[in-house]
Amino acid sequence: MTDARDTAVAALIALAHSPRWRDRADAGHGLACFADVPAAREVLLGLVLDAEDTAVTDVTAKALLRRGDATGLAVVCAATAGAEGEQHDHLYAALWDVLGVFERDRDAALATCRALADDPAQDDRVRSGAAAVGADLAAFQPVLRAGLPKVTAE
């Protein structure tokens with residue numbers, strides 16, 4: 001099974017270097033499934049910080065965040081540490097789109113950010129990005145929160 005995964009990652013990495021933004025966006029979406037593979041991680045970071053088209057940033061960041069785990073969130077956190085201007089805005093829009101609906105998703109990501117920021121095994125980009133993202137997530141007010149009063153029909 002490892003050979004099939006390696007082949008898939010290699011094909012997606014090749015697609016990530018396409019001059020066409022749609023190809024790069026598709027590669028980011030597909031590679032997010034393989035974020036645990038070291039060869040995919042740096043390519044994913046490059047796609048999240050795609051210099052040519054923020055649509056690639058949007059698709060890749062959302063796919064990584066929808067994984068709902070530390071691996072995907074770590075790549076997005078590392079990207080936020082180096083993002084500026086419009087890319088920074090797009091990364092935070094992706095964070096809101098994925099983590100701004102359910103309080104439980106925001107809370108889980110916030111706990112993961114805190115763990116990543118405190119983990120000496122993480123590189124500096126991940127730690128600093130996780131600290132910044134965690135601080136911002138703490139200010140998010142998700143649309144659907146636990147403990148909201150029930151609406152009853154009269």
Side-chain angles (χ1 to χ4, degrees), residues 1-119 121-137 140 142-144:
M1 190 63 144
T2 301
D3 290 339
R5 286 179 60 81
D6 292 343
T7 301
V9 169
L12 288 166
I13 287 172
L15 191 62
H17 298 292
S18 171
R20 292 185 294 276
W21 73 267
R22 287 180 194 245
D23 290 345
R24 295 191 313 277
D26 287 343
H29 186 268
L31 276 173
C33 296
F34 300 98
D36 57 312
V37 176
R41 218 166 290 132
E42 280 302 313
V43 174
L44 281 163
L45 183 58
L47 291 168
V48 172
L49 294 172
D50 190 277
E52 295 178 38
D53 201 307
T54 54
V56 179
T57 298
D58 295 340
V59 169
T60 307
K62 287 176 185 176
L64 286 163
L65 293 167
R66 286 187 179 119
R67 285 176 56 98
D69 65 3
T71 303
L73 188 55
V75 175
V76 174
C77 287
T80 62
E84 295 178 355
E86 189 175 2
Q87 283 205 301
H88 187 266
D89 294 344
H90 279 265
L91 285 170
Y92 274 87
L95 283 161
W96 174 255
D97 288 349
V98 176
L99 303 173
V101 177
F102 294 104
E103 184 177 50
R104 69 177 180 267
D105 295 342
R106 189 264 334 248
D107 291 349
L110 180 55
T112 301
C113 281
R114 289 178 177 152
L116 289 168
D118 293 337
D119 184 355
Q122 298 296 328
D123 70 25
D124 290 340
R125 294 178 301 181
V126 172
R127 285 197 315 273
S128 65
V133 169
D136 291 332
L137 285 177
F140 276 18
V143 176
L144 299 174

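- Going from atom CG of Leu12 over to atom NE2 of His17 covers 11.0 Å, rounded to the nearest 0.5 Å.
- The minimum heavy-atom distance linking Leu91 with Ala61 is given by the pair CD2-CB, 3.9 Å.
- In this structure, CG on Leu110 lies 10.5 Å from CG on Asp136, to the nearest 0.5 angstrom.
- The closest donor-acceptor contact from the side chain of Arg114 to the backbone of Gly134 lies at 3.5 Å or more, if one exists at all.
- Interatomic distance, CZ of Arg127 versus CG of Asp118, reported as 9.5 Å (0.5 Å rounding).
- Between the SG atom in Cys113 and the CG atom in Leu95 there is a gap of 7.5 Å [rounded to 0.5 Å].
- When side chains are defined from C-beta on, Val76 does not count as touching Val133, because their heavy atoms never get closer than 4.5 Å.
- Judged purely by atom type and a 3.5 angstrom limit, Arg24 uses its side chain to pair as donor or acceptor with the backbone of Ser18.
- Side-chain contact between Leu15 and Asp26 is present, with at least one heavy-atom pair separated by less than 4.5 Å.
- With respect to Leu73, the side-chain contact (heavy atoms from CB on, under 4.5 Å) criterion is satisfied by exactly one of Val98, Leu64, Thr112: Thr112.
- The shortest heavy-atom contact between His90 and Asp58 is ND1-OD1, 2.8 Å.
- The nearest pair of heavy atoms linking Phe102 to Pro142 is C-CB, 3.9 Å.
- Of all the heavy atoms in Gln122 and Ala74, the pair that sits closest is OE1-CB, 4.5 Å.
- The shortest heavy-atom contact between Asp36 and Arg41 is O-NH2, 3.0 Å.
- Contact check on Asp107 versus Arg104 returns no salt bridge, with no Lys/Arg side-chain nitrogen under 4.0 Å from an Asp/Glu carboxylate oxygen.
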Report the C-alpha distance between Phe34 and Leu44 in whole Å, list the side-chain angles of each, state the deciding distance to 0.1 Å, and finish with yes or no for side-chain contact (heavy atoms from CB on, under 4.5 Å).
-> CA-CA 9 Å; Phe34 300 98; Leu44 281 163; over 6 Å; no
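- Rounding to the nearest 0.5 Å gives a distance of 7.5 Å between OG1 of Thr60 and CG of Asp50.
- Between the side chain of Gln87 and the backbone N or O of Leu49 there is at least one donor-acceptor pair closer than 3.5 Å.
- Listed here is the closest heavy atom pair of Ala63 and Ala32: CB-CB, 3.6 Å.
- Rounding to the nearest 0.5 Å gives a distance of 10.0 Å between CG of Asp53 and CZ of Arg22.
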